[in-house]
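Taking it in order: structure first as structure tokens, then the write-up.
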Amino acid sequence: MACAKVVNGDRMASPSRSVQIRAGGIDVDKAPFGRLLPAFLAKIARKYPDIRIHISSGNTGDIIRGLENGQINLGFIRPVENIGSLRFASIAHERYLLAVARSNRLAEQGEIAIDDLRGEKIIAFNRKNLSFTERYFNEKFEEYDLTRNIAYSCDDTYSLVSLVSAGLGIGFAPEWTEGLPNRAFELKAVRGIDFRIGLGVAWNKEDPTASRDDIVDIARSLARPAR
């Protein structure tokens, strides 16, 4: 996840004025924002050439609390069920596809249906806090009687694709993993599975920070249509 914070008292009404923004980094599951971050920072720098930017990191809960208490002015987060009084605008979506080792029989298969997974060991997410992703796939596995096929579980995407690459099973991963270096797996669409994970910008409507709306508009300009 990521966040942005104006950490001095300067107003950003004029590009010539020097200000500092604290912007958040991303963790392993937030690679979509990793691709958006350079464009976001470049647009801010063009509008405010004297700006100073610091990058930090945090999880969704930390960022939401920071937005609520005014420590953060802008947050880039996954959608959450209850965002309270904050505002949220979606800026990106990515599909979840089936990750299969290149040695797996499914890697050469042109079309894959859910029934084709019955003879496979499944690797599934099992995070501390149930996410939209887990809920969706848990329901699908139960619907198609695949729950018994779950042989391994993990709590992050890199662990999942590592298990897949080792040939220990198959699992659903976000499409950004296609860009991983030395990738030893293929991503395949599965008929009957249509799940997309979002990423968006969140802010506190009560935040009095000068030019906060300008920063929000820059972040929202990064929006791209779902594929």
Side-chain angles (χ1 to χ4, degrees), residues 1-2 24-42 55 57-60 76-79 90-128 131-138 140-141 144 146-147 149-200 222-227:
M1 297 306 176
I26 56 174
D27 60 32
V28 295
D29 275 343
K30 311 305 177 292
F33 182 73
R35 293 198 291 270
L36 297 174
L37 181 60
F40 172 66
L41 297 177
I55 305 296
S57 63
N59 58 42
T60 302
F76 293 88
I77 64 174
R78 295 295 194 188
S90 178
I91 59 176
H93 290 84
E94 288 206 323
R95 297 177 298 166
Y96 264 72
L97 301 171
L98 184 69
V100 299
R102 288 177 175 158
S103 58
N104 189 292
R105 62 182 180 86
L106 297 176
E108 301 299 326
Q109 197 163 315
E111 292 188 356
I112 299 177
I114 293 181
D115 285 342
D116 294 325
L117 310 186
R118 296 192 184 281
E120 301 289 331
K121 292 182 178 181
I122 293 176
I123 303 162
F125 289 118
N126 183 16
R127 298 184 175 101
K128 182 178 180 180
S131 66
F132 287 109
T133 305
E134 287 170 278
R135 186 177 297 110
Y136 175 86
F137 285 108
N138 286 346
K140 284 294 183 180
F141 294 151
Y144 290 95
L146 291 171
T147 303
N149 289 56
I150 297 176
Y152 300 90
S153 63
C154 56
D155 60 7
D156 66 83
T157 299
Y158 281 157
S159 296
L160 185 143
V161 297
S162 294
L163 290 165
V164 169
S165 298
L168 299 179
I170 60 174
F172 287 93
E175 60 184 320
W176 64 258
T177 57
E178 188 172 20
L180 290 175
N182 303 316
R183 178 169 55 92
F185 59 91
E186 299 293 335
L187 293 176
K188 313 286 288 188
V190 177
R191 291 198 308 275
I193 298 293
D194 183 18
F195 181 76
R196 289 171 169 80
I197 187 68
L199 183 77
L222 304 173
R224 64 188 190 193
R227 287 185 278 179

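- Of all the heavy atoms in G167 and A101, the pair that sits closest is CA-CB, 4.2 Å.
- The heavy-atom pair separating L187 from P174 by the smallest distance is CD1-O, 4.4 Å.
- Here the options are E120, R118, K140, the test is side-chain contact (heavy atoms from CB on, under 4.5 Å), and the partner is L146; only R118 passes.
- The two residues Y136 and G192 make their nearest non-hydrogen contact at OH-O, 4.0 Å.
- In this structure, the side chains of R183 and R102 come closer than 4.5 Å at one or more pairs of heavy atoms.
- Under the 30°/60° scheme for interplanar angles, the aromatic rings of F172 and F137 are found to lie parallel.
- Separating the CZ atom in F195 from the CD atom in E94 is a distance of 12.0 Å, to the nearest 0.5 Å.
- Contact annotation: the side chain of V164 never approaches that of N104 to less than 4.5 Å [non-hydrogen atoms, C-beta and beyond].
- F40 and F76 have perpendicular rings, their planes meeting at more than 60° on a 0 to 90° scale where under 30° would count as parallel.
- The line from OG1 of T133 to CZ of F125 is 7.0 Å long, rounded to the nearest 0.5 Å.
- Distance check, rounded to the nearest 0.5 Å: CD1 of I150 to CZ of F141 gives 5.5 Å.
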Please determine whether side-chain contact (heavy atoms from CB on, under 4.5 Å) holds for the pair I123 and V161, giving the CA-CA distance in whole Å, both sets of side-chain angles, and the decisive distance to 0.1 Å.
CA-CA 9 Å; I123 303 162; V161 297; over 6 Å; no
Intermediate values then yes/no, side-chain contact (heavy atoms from CB on, under 4.5 Å), I122 and I170:
CA-CA 5 Å; I122 293 176; I170 60 174; 4.3 Å; yes
Should I114 and R191 be marked as a side-chain contact (heavy atoms from CB on, under 4.5 Å) after you check the CA-CA gap, both sets of side-chain angles, and the distance that decides it?
CA-CA 7 Å; I114 293 181; R191 291 198 308 275; over 6 Å; no
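- No donor-acceptor pair closer than 3.5 Å links the side chain of R95 to the backbone N or O of E175.
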I would like to know whether L97 and T177 meet side-chain contact (heavy atoms from CB on, under 4.5 Å); could you show each step before the answer?
CA-CA 10 Å; L97 301 171; T177 57; over 6 Å; no
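- Here the CG-NE2 distance, from L199 to H93, works out to 9.0 Å after rounding to the nearest 0.5 Å.
- Taking both residues in full, the closest heavy atoms of A173 and L160 are given as CB-CD2, 4.1 Å, listed atom of the first, atom of the second, then distance.
- Taking every heavy atom of both residues into account, A107 and E186 meet most closely at CB-CG, 4.3 Å.
- Distance alone, capped at 3.5 Å, is enough to place a donor-acceptor pair between the D116 side chain and the A113 backbone.
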